[in-house]
Amino acid sequence: MQQYVDKLNLHSSVEEQLGEVQLIQSYVLHHASPAVSGDVIQCLLKFASVAPENVAIMLLRTVAGLLTFQSRFLDIKEESLTSILNFLAYQSVQMNEITLVILQLVEPLLPQEMVSLKAIVESLMALLKRDVSIQTHCSVLQLLWCFMRRDHRCIDGDSMDLILGVGKKSEMLGKCVEPIMTLVKVMYDDEN
């Protein structure tokens, strides 16, 4: 796996880069359990952050595939998490959607006590403010719920107002907000 990752070259043409990514994808598809590490994931994310968008999207899909196969064994580094969050800021529906999938796969691997919990919530809230699809908003709300289970104080009053406002936009979004409201109620009841 590492030998294919090492071949990624920012100085080659977009066509060559796409070819290099396809080689990695076919390797992943033809190996039931591809040998991969947190370092490999980090290399792919780092390359995606500077590659043209179509190459970056293919790389992120590859990362999602690798996480699906091997997530239990991976040590996800703080640097990788920062790269993932940066992709959420892209004004690209495809980029945002695949990044949310990666974040869902990565969440269970992250340590309970996290330095970057605030940064994650801020990135998700920024995406929630944008004019994106209902499906994207639903994914963001599901992720917020996941991270709030770690520490409900990561959501302040203004963020909560925004979440409630998004929940009023459609029945589907309202259903996604319900678990967050239940969690907040349970947490505050426990504290009082």
Side-chain angles (χ1 to χ4, degrees), residues 1-110 114 116-117 119-128 130-144 146-147:
M1 178 73 191
Q2 189 66 52
Q3 64 191 27
Y4 292 106
V5 175
D6 291 342
K7 280 182 184 164
L8 286 171
N9 182 357
L10 201 58
H11 301 296
S12 47
S13 69
V14 174
E15 286 72 22
E16 286 170 324
Q17 287 179 21
L18 288 168
E20 288 156 3
V21 177
Q22 278 166 341
L23 278 174
I24 295 173
Q25 285 182 328
S26 69
Y27 176 87
V28 173
L29 286 170
H30 292 98
H31 290 72
S33 183
V36 68
S37 66
D39 289 335
V40 165
I41 297 288
Q42 196 170 339
C43 284
L44 293 172
L45 289 169
K46 199 178 275 187
F47 192 83
S49 66
V50 287
E53 192 175 305
N54 52 349
V55 177
I57 287 168
M58 272 182 77
L59 279 166
L60 292 178
R61 286 193 178 131
T62 307
V63 168
L66 288 168
L67 287 168
T68 307
F69 282 126
Q70 290 236 332
S71 59
R72 286 170 304 160
F73 314 111
L74 287 174
D75 167 31
I76 298 296
K77 295 172 173 52
E78 195 79 24
E79 193 183 331
S80 298
L81 190 58
T82 305
S83 297
I84 295 166
L85 295 179
N86 288 340
F87 293 124
L88 285 181
Y90 282 51
Q91 300 291 319
S92 156
V93 175
Q94 274 185 298
M95 205 75 144
N96 294 159
E97 284 174 355
I98 190 65
T99 304
L100 289 169
V101 169
I102 290 172
L103 207 45
Q104 279 165 346
L105 292 164
V106 157
E107 189 271 329
L109 309 175
L110 299 170
M114 287 177 51
S116 47
L117 187 59
I120 293 170
V121 169
E122 281 173 2
S123 297
L124 289 169
M125 291 308 296
L127 190 51
L128 203 60
R130 280 175 33 205
D131 184 19
V132 290
S133 70
I134 286 179
Q135 192 49 57
T136 300
H137 272 156
C138 281
S139 300
V140 171
L141 290 166
Q142 284 159 358
L143 274 162
L144 281 169
C146 286
F147 287 109

Discussion item. I need the Leu85 CG to Leu81 CG distance, nearest 0.5 Å.
Written reply: 4.5 Å
Discussion item. Do Ile41 and Val106 make a side-chain contact, defined as non-hydrogen atoms from C-beta onward lying under 4.5 Å apart?
Written reply: no
Fill in: For the student: nearest non-hydrogen atoms of Gln17 and Ala51, plus distance
OE1-CB, 4.2 Å
Worksheet item: Tell me the side-chain hydrogen bond (donor to acceptor under 3.5 Å, both in side chains) pairs involving residues 40-67, sequence neighbours left out?
Response: Gln25-Thr62, Gln42-Glu79, Lys46-Glu79, Glu53-Ser92
Discussion item. The criterion is side-chain contact (heavy atoms from CB on, under 4.5 Å); which residues satisfy it with Gln142, sequence neighbours excluded?
Written reply: Gln104, Cys176
Discussion item. So does Asp131 get a backbone contact from the side chain of His137, meaning a donor-acceptor N/O pair under 3.5 Å?
Written reply: no
Practice prompt. Could you check if a side-chain atom of Leu8 sits within less than 4.5 angstrom of a side-chain atom of Val21, using non-hydrogen atoms only?
Written response: yes
Practice prompt. Mind running side chain to side chain donor-acceptor pair (under 3.5 Å) on Ser116 and Glu78 for me, showing each step along the way?
Written response: CA-CA 8 Å; Ser116 47; Glu78 195 79 24; 2.7 Å; yes
Fill in: Sidechain-backbone polar pair: Thr68 side chain, Ala64 backbone, donor-acceptor under 3.5 Å
yes
Worksheet item: Tell me, do Phe87 and Leu45 make a side-chain contact under 4.5 Å, heavy atoms counted?
Response: yes
Worksheet item: Is there a side-chain contact between Ile84 and Val63, using heavy atoms and a 4.5 Å cut-off?
Response: no
Response to the item:
Between Val14 and Val55 the two heavy atoms that sit nearest each other are CG1-CG2, 4.0 Å
Discussion item. Using only atom types and a distance under 3.5 Å, with no angle test, would you say the side chain of Asn96 pairs donor to acceptor with the backbone of Tyr90?
Written reply: yes
Item to complete: Scan side-chain atoms only and decide if Ser139 and Thr136 contain a donor-acceptor pair under the 3.5 Å cut-off.
Response: no
Practice prompt. Ignoring hydrogens and angles, tell me if any N or O in the side chain of Ser80 forms a donor-acceptor pair with the backbone of Ile76 under 3.5 Å.
Written response: no
Worksheet entry | Intermediate values then yes/no, side chain to side chain contact (heavy atoms under 4.5 Å, CB included), Val132 and Val140 | CA-CA 11 Å; Val132 290; Val140 171; over 6 Å; no
Worksheet item: Are Val101 and Leu60 side-chain neighbours, meaning at least one heavy-atom pair lies under 4.5 Å?
Response: no
Fill in: Trace of the side chain to side chain contact (heavy atoms under 4.5 Å, CB included) decision for Leu66 with Leu44
CA-CA 11 Å; Leu66 288 168; Leu44 293 172; 3.7 Å; yes
Worksheet item: Is there a side-chain contact between Leu144 and Leu128 (heavy atoms, below 4.5 Å)?
Response: yes
Item to complete: Decide yes or no for Leu88 and Leu100: does some side-chain heavy atom of the first lie under 4.5 Å from some side-chain heavy atom of the second?
Response: yes
Worksheet item: To the nearest 0.5 Å, how far apart are CD1 in Ile98 and CG in Leu59?
Response: 11.0 Å
